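The structure under discussion appears below in the form of structure tokens.
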Protein chains: 2
Amino acid sequence: MHATNTDDARGRGARVRAGRRRITSRAELEQVAFDLFEQRGFEQTTVEDIASAAGIGRRTFFRYFASKNEVPWGDFDGELARMRRRLAATPPQAPLMEAIRQAVVDFNKMPAEQWPAHRRRMTFILGVPALQAHSTLRFAAWRAVIADFAGQRTGQRPDDLLPSTIAHAMLGVAVAAYEQWLASPDADLCELLDAGVRALRSAFASSGE
Amino acid sequence: MHATNTDDARGRGARVRAGRRRITSRAELEQVAFDLFEQRGFEQTTVEDIASAAGIGRRTFFRYFASKNEVPWGDFDGELARMRRRLAATPPQAPLMEAIRQAVVDFNKMPAEQWPAHRRRMTFILGVPALQAHSTLRFAAWRAVIADFAGQRTGQRPDDLLPSTIAHAMLGVAVAAYEQWLASPDADLCELLDAGVRALRSAFASSGE
DNA sequence: CCTGTTATGGCACCGGGTGCCAGTAAGAGG
DNA sequence: CCTCTTACTGGCACCCGGTGCCATAACAGG
């Protein structure tokens with residue numbers, strides 16, 4: 001199971017460059033790490049454990065992941081780029097919060113065979129304290145995507161009160177829906193996301209203008 | 001500047017107990033630490049630096065704070081208890097989101113002379129990446145206070161979708177308001193909190209339904 | 001002064017993370 | 001085929017946060 005010079009382990013569609021090939025890949029290390037995390041728990045698994053289980057040196061692990069906390073995040077940046085494109089493609093006449101709701105729900109749609117893997121990933125991210133803490137740093141980029149969109153729509157800067165508040169609040173709604181999803185084995189993620197947004201909206205609606 | 005056996009450094013109104021007196025206090029260590037954080041930055045300040053600046057051993061530092069990340073949190077648990085009481089005292093006829101908004105705004109009211117200290121504290125918590133990450137773990141308790149209240153009001157369990165979503169979203173709104181406050185030297189925190197909630201409500205209101 | 005109690009802080013140790021650097025596996029070009 | 005360049009590997013030493021252990025110091029009460 002080695003990465004070759006032609007696949008994306010060498011960089012996005014880049015030409016075959018000179019130099020030694022990478023000995024493994026993020027995906028492969030993720031698999032090894034996840035297995036160990038499930039057996040012994042995240043805290044009980046050392047980077048040394050992961051490295052030697054993957055047949056690499058501890059030092060090399062840190063060339064694939066900036067930290068142990070980064071392991072479960074896959075290609076999150078790529079996903080965010082996808083969400084950004086999805087938002088950019090919304091019809092301009094749609095109300096702001098409607099547009100965001102649909103984009104967030106849409107963004108979390110995926111083929112059914114990916115559900116278990118995604119569930120495992122998110123169980124770690126939202127369940128393990130250290131990872132939960134770290135997620136805040138990653139989610140800042142998620143919020144930035146929403147805030148940028150809300151800023152454009154309202155003609156404000158992304159870090160103004162309204163865009164920033166919408167972004168923070170929507171992240172909260174999304175995380176709440178995810179927690180609900182992880183807690184119930186056969187729930188539908190997208191329905192929960194949708195229900196969450198609608199629930200919050202109606203909670204506000206019945207709070208007297 | 002020694003704690004005596006009679007003040008709360010020995011425990012909440014407990015009798016004067018036997019045993020050696022504590023050599024310092026959380027508040028005192030916080031001051032020392034804050035000064036160093038501001039001079040060199042949080043990451044550049046080691047626990048050893050704080051300890052020796054305070055004239056105690058490194059080991060002793062960890063008897064006052066479970067971790068370096070805990071330093072800026074003061075008596076957060078006590079504050080949460082206050083917020084819980086504040087919520088419990090809300091008239092039952094007030095709409096749910098209204099009650100929460102008022103409680104959150106109210107909860108953040110404080111005498112003007114405390115503003116600079118509070119600002120400094122929050123600048124660390126929301127500005128330093130490591131502390132920002134750690135805050136998620138602390139804020140879980142904040143969310144629990146809101147979720148418990150929302151659960152009681154709606155007759156649901158606190159970890160059901162609606163209460164949990166409201167709690168997550170309100171935390172988001174509060175953090176956004178805090179960030180705004182920290183960014184502008186002479187803004188009013190409570191007004192920003194209030195404005196944030198109202199902004200989100202009207203964003204939802206103009207999204208059809 | 002003795003006893004039980006509580007706080008201190010040194011020591012050794014663990015684990016995440018980093019700078020450094022010598023080695024090693026590749027492609028490119030003579 | 002040999003060499004040059006490129007880039008990945010991984011060992012080593014080190015830093016720092018955090019913990020278990022334990023001897024010792026300071027206190028209250030008898």
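This is a predicted model, so every value here is computed, not measured. Throughout, a chain's letter reflects where its sequence line sits, starting with A, and its residues are numbered from 1.
- Rounded to whole angstrom, the span from the CG atom of Leu131(B) across to the C1' atom of dG17(D) amounts to 13 Å.
- In this structure, Arg20(B) does not reach the dT8(C) phosphate: none of its side-chain N or O atoms is under 4.0 Å from OP1 or OP2.
- Of the listed nucleotides (dT9(D), dT8(C), dG17(D)), dT8(C) has the atom at the smallest distance from the side chain of Ile23(B).
- A close approach under 4.0 Å does occur between a side-chain nitrogen or oxygen of Arg21(A) and OP1 or OP2 of dA26(C).
- Across the protein-nucleic acid pair, Glu48(A) atom CD and dC12(D) atom P stand 12 Å apart, rounded to whole Å.
- Checking His168(A) against Tyr178(B) by side-chain atom types alone, no donor-acceptor pair falls below 3.5 Å.
- Between Asp75(B) and Arg26(B), no side-chain nitrogen of the basic residue sits less than 4.0 Å from a carboxylate oxygen of the acidic one, so the salt-bridge criterion is not met.
- Per the geometry, CZ belonging to Arg63(A) stands 13 Å off P belonging to dC21(C), to the nearest Å.
- Trp73(B) and Phe76(B) have perpendicular rings, their planes meeting at more than 60° on a 0 to 90° scale where under 30° would count as parallel.
- Following rounding to the nearest Å, Leu29(B) (CG) and dA7(C) (C1') show an atom-to-atom distance of 14 Å.
- In this structure, Ile56(A) places its CD1 atom 10 Å from P of dG11(D), rounding to the nearest Å.
- Counting non-hydrogen atoms under 4.0 angstrom, Thr45(A) reaches the backbone sugars and phosphates but no base.
- Contacts of Phe65(B) with the nucleic acid, taken as non-hydrogen atoms under 4.0 Å apart, are absent.
- In this structure, Phe62(A) atom CZ and dC14(D) atom P are separated by 19 Å, rounded to whole Å.
- Note on Ser67(B): a side-chain N or O is less than 4.0 Å away from OP1 or OP2 of dG18(D).
- Picking from dA7(C), dG16(C), dG4(C) the nucleotide with the shortest atom distance to the side chain of Arg17(B) gives dA7(C).
- Using a 4.0 Å heavy-atom criterion, one finds that Ala51(B) contacts no nucleic acid atom at all.
- Between Glu98(A) and Arg201(A) there is a salt bridge, since a side-chain N of the basic residue sits under 4.0 Å from a carboxylate O of the acidic one.
- Using a 4.0 Å cut-off between charged nitrogen and carboxylate oxygen, Arg40(B) and Asp49(B) count as a salt-bridge pair.
- In this structure, the nucleotide among dC27(D), dG9(C), dC8(D) sitting nearest to the side chain of Thr60(B) is dG9(C).
- Counting atom types as modelled, Arg59(A) pairs no side-chain N or O with a base atom of dG17(C) as donor and acceptor under 3.5 Å.
- Atom CD in Glu43(B) sits roughly 12 Å away from atom C1' in dG17(C) (whole-Å rounding).
- Donor-acceptor pairing under 3.5 Å, judged by distance alone, is absent between the side chain of Arg58(A) and the base of dG10(D).
- Within 4.0 Å of Thr46(B), counting heavy atoms only, lie sugar-phosphate atoms of the nucleic acid but no base atom.
- A salt bridge between Arg120(A) and Asp35(A) is present, with a side-chain N of the basic residue lying under 4.0 Å from a carboxylate O of the acidic one.
- For the pair Gln44(B) CD and dG17(D) C1', the computed distance is 15 Å after rounding to whole Å.
- Taking only side-chain nitrogens and oxygens, Tyr64(A) comes nearer than 4.0 Å to OP1 or OP2 of dT9(D).
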